[in-house]
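We're numbering straight along the sequence, starting at 1.
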Amino acid sequence: MKTHYVCYMESLEGDEGSYYCEVANGEIIRQVCCFGANYYWSTLHECKNERYDFTDNSIFRGPKKGDTPISSEEFDRIWRIALDE
């Protein structure tokens, strides 16, 4: 079963944004970093921008305080936006 979460994050420049992740069997398998109108997608083997590549530690130890569960439909909507940019 896959679960999906969104939480607060900051860009490398300090801009506020959101981090979306898809988790399966305790591991993050897809993620999107969003800052305003800029979306950066990544998986274990590919990424849109090397500055926002896949997490160094894909083991999901959450949810933690501030992680908000979202639906698979919402995650897929964000993922499609990131891919289309």
Side-chain angles (χ1 to χ4, degrees):
M1 180 176 147
K2 294 178 183 174
T3 55
H4 304 84
Y5 298 93
V6 62
C7 65
Y8 172 84
M9 78 174 296
E10 290 185 5
S11 73
L12 298 173
E13 292 79 24
D15 298 324
E16 293 185 347
S18 298
Y19 170 80
Y20 297 85
C21 66
E22 178 175 59
V23 179
N25 299 318
E27 292 208 39
I28 299 169
I29 57 174
R30 294 191 293 173
Q31 66 184 29
V32 176
C33 301
C34 174
F35 309 102
N38 298 310
Y39 291 74
Y40 303 95
W41 63 268
S42 60
T43 66
L44 180 60
H45 302 291
E46 298 179 274
C47 64
K48 175 182 178 178
N49 184 311
E50 289 182 8
R51 293 184 71 208
Y52 295 99
D53 60 352
F54 199 64
T55 180
D56 291 337
N57 184 0
S58 64
I59 296 171
F60 185 73
R61 292 186 172 88
K64 298 177 184 171
K65 184 178 181 181
D67 292 350
T68 304
I70 60 173
S71 68
S72 61
E73 292 82 11
E74 176 67 6
F75 181 85
D76 287 339
R77 184 183 73 77
I78 296 297
W79 184 257
R80 283 191 303 274
I81 291 170
L83 288 179
D84 288 343
E85 265 200 352

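Side chains of H45 and F54 form no contact here, defined as non-hydrogen atoms less than 4.5 Å apart.
Other members of the cluster containing Y20 are V6, V32, Y39, W41, I70, F75, I78, W79, I81, L83, with ILVMFWY side chains joined at under 4.5 Å, either directly or via other members.
Scanning all heavy atoms of the two residues, the minimum distance from K2 to A24 falls at CG-CB, 3.9 Å. Shortest non-hydrogen contact noted between C34 and G36 is SG-O, 3.6 Å.
Considering CG of D67 and SG of C21, their distance stands at 7.0 Å, rounded to 0.5 Å. Rounding to the nearest 0.5 Å gives a distance of 11.5 Å between CD1 of I28 and CG of L44.
In this view, D76 and R30 satisfy the salt bridge (charged side-chain N to carboxylate O under 4.0 Å, His left out) rule, not counting sequence neighbours. Partners of S42 under the side chain to side chain donor-acceptor pair (under 3.5 Å) rule, at least two apart in sequence or in another chain, are Q31. Applying the side chain to side chain donor-acceptor pair (under 3.5 Å) criterion to R51, with sequence neighbours excluded, gives E13. Remark: Y40 engages Y52 in a ring pair (Phe, Tyr, Trp, His ring centres under 6.0 Å) (not counting sequence neighbours). For S58, the side chain to side chain donor-acceptor pair (under 3.5 Å) criterion is met by E27, not counting sequence neighbours.
Both Y19 and F60 belong to a single network of hydrophobic side chains, linked directly or stepwise wherever heavy atoms of I, L, V, M, F, W or Y lie under 4.5 Å apart. M9 and L12 end up in the same hydrophobic cluster when Ile, Leu, Val, Met, Phe, Trp and Tyr side chains are linked at under 4.5 Å.
Other residues, nucleotides and ligands contribute only 12 or fewer heavy atoms inside 6.0 Å of the CG atom of N25.
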